[in-house]
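Sequential numbering from 1 along the given sequence is applied to the chain's residues.
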Amino acid sequence: MLGQHYDKETISRRQMQLREQLLKTNKRVLIVLDDLWQKLDLEEIGISFQEAAAQKSSTTGCKLLVTSRSSQVLDLIDAERSFGVEILSQEESTIPFAKIVGDIVGKSNDYERIANELVEKCARLPVAISAIANALKRRDRSSWKDALCRVRKPGPNKKEMQQTVSSTIELSYNLLESEVREQNQYC
């Protein structure tokens, strides 16, 4: 919306450009910082709600929306308000998974058991559930078992939640890549 392009420039130049643009705009601006894992110094990136010029300008019309899986991160940035969003229940998680993979889950206790564990390993997060379900639809039982084995393996030096989401998305990518290789083999 601010029409800024920051290709190949220094961080200090980007900071200055963003600050100048925020000060010049006559519009209300919503700034979204999604999925923060650590404290972010807003001043360092060019966003200031403290300086006198910012308080007199239209940046008083700026709102900042921050999402994080950690309430500690929100505490560190002195969030004005915080809203907790609970993860999906096991039942809520299995519904989109089953819709994506089709009725195969209900046909076999083995598929249902694997699906339930995969959903749990996806930390019941919709993006991870969708990624893994799309990777497994139209695949056989051995692919499902292999997927489950892969997401059970811990990653090196990663936070548990981040590792879980990353491993399920990485797995869905790898399964997609192998499906493309298989299709190209028959062409």
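Annotation: the span from S68 atom OG to D75 atom CG amounts to 10.0 Å, rounded to 0.5 Å. The CG atom of L30 lies 8.0 Å from the CG atom of L64; values are rounded to the nearest 0.5 Å. From T67, atom OG1 reaches atom CG of L36 across 6.5 Å, with rounding to the nearest 0.5 Å. Note: R139 CZ to I104 CD1 = 12.0 Å, rounded to the nearest 0.5 Å. For the atom pair NZ of K63 and CD of E80, the computed distance is 6.5 Å after rounding to the nearest 0.5 Å. Here the CD1 atom belonging to I129 is positioned 9.5 Å from the CD atom belonging to E120, to the nearest 0.5 angstrom.
In this structure the side chain of L136 reaches within 4.5 angstrom of the side chain of L118, judged on heavy atoms.
For E117, the side chain to side chain donor-acceptor pair (under 3.5 Å) partners at least two apart in sequence or on another chain are R152.
For residues 132-151, the ring pair (Phe, Tyr, Trp, His ring centres under 6.0 Å) pairs, not counting sequence neighbours, are F97-W144, Y111-W144. Screening residues 113-143 for ring pair (Phe, Tyr, Trp, His ring centres under 6.0 Å), with sequence neighbours left out, gives no hits.
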### Task
Report the C-alpha distance between K145 and D110 in whole Å, list the side-chain angles of each, state the deciding distance to 0.1 Å, and finish with yes or no for side chain to side chain contact (heavy atoms under 4.5 Å, CB included).
CA-CA 9 Å; K145 287 181 178 181; D110 199 27; 3.2 Å; yes
### Stepwise side chain to side chain contact (heavy atoms under 4.5 Å, CB included) check, L40 with V66
CA-CA 10 Å; L40 176 67; V66 177; over 6 Å; no
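Nearest approach of L76 to K39, heavy atoms of both residues: O-CE, 3.4 Å. What you find for K137 and V101 is that their closest heavy atoms are CB-CA, 3.8 Å.
Side-chain contact check for D140 and S142: at least one donor-acceptor pair (N or O, by modelled atom type) lies under 3.5 Å.
Linking ILVMFWY side-chain heavy atoms closer than 4.5 Å, directly or via other members, places L148 and I100 in two distinct hydrophobic clusters.
Listed for the S130 side chain is no donor-acceptor partner under 3.5 Å among the backbone atoms of V127.
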